[in-house]
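In what follows, a single structure is set out as structure tokens and then discussed.
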Amino acid sequence: MKKTKHRHSDVQSAARGSGNDVREGDKTPSWPETLLAWYGAHRRPLPWRTPGSAPLSEEADVYRTVVSEFLLMRTRVRAAEGYFRRFLERFPNWDELARAPEEEVLRFWQGIGFYRRATYLHSLARTVVERHGGKFPRDPRSWNELPGIGPYLSGLLAAKLLGLPEPAVDGNAQRVVARLFAWEGPKDDPGFVRRVRDLLRTYIPPELPGTFNEALMELGETVCTPRSPRCPECPLQDECAARRSGEPTRYPRPASPRPRPLEERDVYLCRTEAGILLVRRDTGLLARLWHFPHLSSASAEAGSCCADFAFIGTVEHAFTHRLWILRLRVPPASSATCGRAREDLVRLLAEDGWETRWFLPEELVRVPMPRVFRKVEERFAPFW
DNA sequence: GTCCGGTAGA
DNA sequence: TCTACCGGAC
């Protein structure tokens with residue numbers, strides 16, 4: 001169960017509101033009004049959007065919104081669209097999702113990354129069904145107990161579901177605000193996100209908080225883009241401090257780069273009459289997904305028979321925070337050597353805390369597996 | 001190659 | 001408050 005995160009105090013304090021920039025009799029529209037007008041004309045019809053950005057009323061719309069937002073965490077709209085359609089077709093409501101086995105949910109998530117989102121969403125569906133009668137709770141205080149609902153999604157739902165004047169601060173909103181006011185950031189400073197949220201609270205129109213949040217994010221996605229902003233098309237160009245500066249992309253300052261350690265690992269095709277050996281674990285990188293068994297090249301060399309597996313080439317895979325060089329190994333030619341090497345491998349995997357299971361080759365297509373091991377699968381296929 | 005993007009757990 | 005987590009676009 002989740003710990004207290006202090007995030008919904010934001011939602012509650014927002015209810016007090018600090019007004020907005022829309023003043024009666026003011027002839028010049030404030031930028032939130034300009035933004036809303038632009039959004040009315042440029043809103044993209046995305047598969048999870050209801051017509052006219054109406055507040056969420058039907059539970060089916062709440063479900064679709066939540067699913068789409070889980071898919072969109074740290075993920076672009078274009079990448080998420082196809083996943084959303086397939087996911088909704090198979091899991092059309094909280095009940096179907098809650099009933100499904102986790103492995104099937106992960107299979108629909110495979111390839112899009114950040115797989116923990118899928119297990120959180122699945123667990124969220126079960127909580128909604130078992131503890132809230134199949135209806136997403138309307139009390140923001142109870143959101144603390146829900147997996148996968150952080151400050152952004154909490155703000156989004158507070159606005160869209162409850163009509164509270166609460167900002168939904170994603171990367172797009174941060175960028176648009178940073179440019180509008182020429183705030184440097186840096187983006188990886190938690191204080192920066194807080195300042196953006198505080199500022200947006202003073203501008204968010206109390207009558208249309210959900211639409212305003214969407215509009216801000218839409219502008220960031222389609223016009224105020226990270227690298228090549230289309231300033232001449234921007235409805236806020238006249239009030240944008242970054243544009244006036246002549247260097248809009250200087251805002252916000254990018255997060256400080258992190259080192260990306262290189263890891264060499266040996267990956268094994270382990271094939272018997274029982275099938276092909278795959279492994280998984282509950283935590284860490286690619287948690288809950290199936291992997292071809294792999295060991296750090298160091299531990300594989302440490303006096304084991306794994307070196308008897310024949311090297312057939314390498315696969316490289318870049319994660320954001322690390323780089324993998326995988327050395328592909330297939331069973332040795334001699335069957336005696338093969339048995340010994342296999343026992344050695346299974347023992348070392350168990351010591352590393354991996355759960356092991358054998359799959360028939362035709363079963364692999366239905367197994368949730370990340371991109372990197374689909375690449376490996378392609379290279380191993382000729383050997384089974 | 002470099003940059004982009006929310007949440008949880010520590 | 002910091003770090004781990006994935007894959008795709010440019």
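The sequence lines fix the lettering, A, B, ..., with proteins before strands; numbering per chain opens at 1. Just so you know, these numbers use all the heavy atoms, side chains as well, and skip hydrogens, waters and symmetry mates.
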Nearest whole angstrom, please: distance from the [atom2] of [N] to the [atom1] of [X].
X         : N      : atom1 : atom2 : answer
Leu323(A) : dC5(C) : CG    : C1'   : 16 Å
Arg253(A) : dC4(B) : CZ    : C1'   : 17 Å
Arg194(A) : dC2(C) : CZ    : P     : 11 Å
Ile112(A) : dG5(B) : CD1   : P     : 16 Å
Arg74(A)  : dC3(B) : CZ    : P     : 14 Å
Glu263(A) : dC5(C) : CD    : C1'   : 13 Å
Asn172(A) : dC3(B) : CG    : P     : 18 Å
Arg281(A) : dA4(C) : CZ    : C1'   : 12 Å

Which nucleotide in the set [options] lies at the smallest distance from any side-chain heavy atom of [X]?
X         : options                 : answer
Arg78(A)  : dA8(B), dG5(B), dC10(C) : dC10(C)
Phe319(A) : dG7(C), dG6(B), dC4(B)  : dG7(C)
Arg175(A) : dC5(C), dC4(B), dG6(B)  : dC4(B)
Arg260(A) : dT2(B), dG5(B), dC5(C)  : dT2(B)
Phe114(A) : dG5(B), dT7(B), dG7(C)  : dG5(B)
Arg227(A) : dT2(B), dC5(C), dT3(C)  : dT2(B)

Exercise. Between Lys135(A) and Glu59(A), does at least one N-O distance fall below 4.0 Å, as a salt bridge requires?
Worked result: no

Problem set entry | Pairing of Arg44(A) and Glu218(A) as salt bridge, 4.0 angstrom limit | yes

Does [X] place a side-chain N or O at less than 4.0 Å from the phosphate oxygens OP1/OP2 of [N]?
X         : N      : answer
Arg258(A) : dT3(C) : yes
His321(A) : dC5(C) : yes
Lys187(A) : dC3(B) : no

Problem set entry | Tyr83(A) six-ring face occupied by Arg86(A) cation (under 6.0 Å, within 45°) | yes

Exercise. DNA chain B: Pro254(A) or Tyr152(A), which has the more 5' nearest nucleotide?
Worked result: Pro254(A)

Problem set entry | Pairwise 5' ranking along DNA chain B for Tyr120(A) and Thr75(A), keeping only the more 5' one | Thr75(A)

Seminar exercise, completed: Residue set satisfying ring-ring contact (aromatic ring centres under 6.0 Å, His included) with Tyr120(A), at least two apart, ordered chain then number -> none

For this session: Give Pro257(A) one of three labels, base, sugar-phosphate or nothing, depending on what nucleic acid heavy atoms sit under 4.0 Å from its own.
Result: nothing

For this session: Select base, sugar-phosphate, or nothing to describe what Asp170(A) touches, counting heavy atoms under 4.0 Å on all strands.
Result: sugar-phosphate

Exercise. Is there a donor N/O on one and an acceptor N/O on the other, under 3.5 Å, for the side chain of Arg76(A) and the base of dC4(B)?
Worked result: yes

Problem set entry | Of Pro190(A) and His317(A), the one whose closest DNA chain C nucleotide lies more 5' | Pro190(A)

Problem set entry | Residue closer to the 5' end of DNA chain C, Ala287(A) versus Asp188(A) (nearest nucleotide) | Asp188(A)

Exercise. Parallel, tilted or perpendicular for His294(A) and Phe373(A), by the 30°/60° rule?
Worked result: parallel

For residues 246-259 of chain A, dump all side-chain donor-acceptor pairs below 3.5 Å to protein atoms at least two apart in sequence or in another chain.
from	atom 1	to	atom 2	distance (Å)
Arg250(A)	NH2	Glu184(A)	OE2	2.7
Ser256(A)	OG	Asp188(A)	OD2	2.8

